[in-house]
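Any value given below was found using the heavy atoms of this structure, including those in side chains, with hydrogens, waters and symmetry copies removed.
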Amino acid sequence: MPIVSNPPKDASSGLPVLSEGEYVLATFPHVTMYFAFNPSSVAGGEGEGTLFVTSQRVVWLSSFSAEKGYALTFPYIMLHAISRDISSGFPHPCIYCQLDSEEDDAGMMDGSEDEEEGSENEVEGGEDSPLVDTPHKYSECRFVPNDPSQLQAIYDALSSGAVLNPDPENEGEGDFFYDEDEVQTNLERLEGMITMPTPEEMDELVNEDQFDDADEDDQ
């Protein structure tokens, strides 16, 4: 599943349980998560928690509720970028993520229903959990660190994870993660490539078309 609610975590340490071969790339405490559909998102979002970027997933676990957390697989994150422009409606500098809305029609897996007991480390949650129906579209999410200087480090960690998890369907189509400065540079480059004809050149083009029409009529 691309997104899991309350992903499995170690009961003693509170850290996310990693699958075989998975490892943590970076950990960021004091990060608030926001979903686009949440009407209270601007006020407080999902609350403050810890963001774990692993070699396979992005995992956010609440600092205040053991029952709240989310895990997103990298192919589900179609784009991520640093957003520092608070004039666009969202009032905090953040990491913006566009999610694959075609995938979320399948629902969200709840990792809290099926508990594994008797293991060496007690685990909350399980792999074979039922789907939870949701009327909302998980089309985007945002991560807001208490310290805005962490934005670049989070962006870099997400970029590293994305490189480790290319989407087979989009292979060869380019990278879909952008720094704000990169976006501006690309826009300026594209604008420089577009040259509008002068009024004199437009007149020449119109006259050439008229001559072409006249030749066709003669034939």
Side-chain angles (χ1 to χ4, degrees), residues 1-11 13-18 24-54 56-86 88-101 103-114 123-126 129-151 153-155 157-158 161-162 177:
M1 279 306 288
I3 183 167
V4 175
S5 173
N6 193 16
K9 49 187 173 289
D10 188 288
S13 67
L15 300 176
V17 173
L18 304 179
V24 175
L25 297 174
T27 302
F28 304 95
H30 310 299
V31 175
T32 302
M33 185 177 187
Y34 297 81
F35 277 116
F37 67 80
N38 191 337
S40 64
S41 63
V42 174
E46 301 297 322
E48 187 177 297
T50 300
L51 180 66
F52 302 87
V53 182
T54 81
Q56 299 178 12
R57 302 174 295 162
V58 177
V59 182
W60 178 88
L61 300 178
S62 172
S63 299
F64 303 103
S65 173
E67 302 300 319
K68 181 178 283 190
Y70 299 95
L72 297 83
T73 57
F74 273 103
Y76 186 58
I77 303 173
M78 301 179 65
L79 175 151
H80 70 274
I82 297 175
S83 175
R84 296 187 177 91
D85 182 11
I86 62 175
S88 60
F90 190 77
H92 308 289
C94 66
I95 295 291
Y96 170 82
C97 296
Q98 181 180 334
L99 308 180
D100 188 352
S101 59
E103 292 284 352
D104 59 31
D105 287 334
M108 178 190 290
M109 179 177 284
D110 188 344
S112 65
E113 298 294 330
D114 196 18
V123 174
E124 299 176 7
S129 304
L131 298 181
V132 175
D133 292 331
T134 171
H136 304 294
K137 290 287 187 180
Y138 292 82
S139 60
E140 60 185 22
C141 70
R142 292 174 172 84
F143 296 105
V144 178
N146 279 3
D147 181 3
S149 68
Q150 289 289 296
L151 286 172
I154 297 174
Y155 168 83
L158 291 174
F177 41 91

What one should report as the nearest heavy-atom pair of P7 and L61 is CG-CD2, 3.9 Å

To the nearest 0.5 Å, atom CZ of R142 lies from atom CD of Q98 at 11.0 Å

My understanding is that only residues two or more places apart in sequence, or in another chain, count here; which of them pass side-chain hydrogen bond (donor to acceptor under 3.5 Å, both in side chains) with T54? E22

Looking at every heavy atom in both G161 and F74, which two are closest together, and how far apart are they? CA-CZ, 3.4 Å

Mind checking what makes side-chain hydrogen bond (donor to acceptor under 3.5 Å, both in side chains) contact with E48, not counting sequence neighbours? H30, N146

Passing option when P93 is tested against V144, I86, D85 for side chain to side chain contact (heavy atoms under 4.5 Å, CB included): I86

Do the ring centers of Y34 and F90 come within less than 6.0 Å of each other? yes

Distance flag, aromatic centroids of Y70 and F35, threshold under 6.0 Å: yes

Non-hydrogen side-chain atoms of R57 and L18 separated by less than 4.5 Å: yes

When rounded to the nearest 0.5 angstrom, what distance separates SG in C97 from CE in M33? 8.0 Å

What is the ring orientation for Y155 with H80, classed by angle as parallel under 30°, tilted 30 to 60°, or perpendicular over 60°? tilted

Partners meeting side-chain contact (heavy atoms from CB on, under 4.5 Å) with T27 (sequence neighbours left out): V24, T50, F52

Could you pull out the closest heavy-atom pair between K68 and N6, with the gap in Å? N-OD1, 4.5 Å

For a side-chain contact (heavy atoms from CB on, under 4.5 Å) check, start with the C-alpha distance between F28 and V53, then their side-chain angles and the critical distance, and finish with the verdict. CA-CA 8 Å; F28 304 95; V53 182; 4.2 Å; yes

Flag the pair P75 / D100 as yes when at least one side-chain heavy-atom distance between them is below 4.5 Å, and no otherwise. no

Trace of the side-chain contact (heavy atoms from CB on, under 4.5 Å) decision for L72 with W60: CA-CA 9 Å; L72 297 83; W60 178 88; over 6 Å; no

Applying side-chain contact (heavy atoms from CB on, under 4.5 Å) to P145 and not counting sequence neighbours gives V31, Q150, L151, I154

Can you list the residues that meet the side-chain contact (heavy atoms from CB on, under 4.5 Å) rule with S13, with sequence neighbours excluded? D10, L15

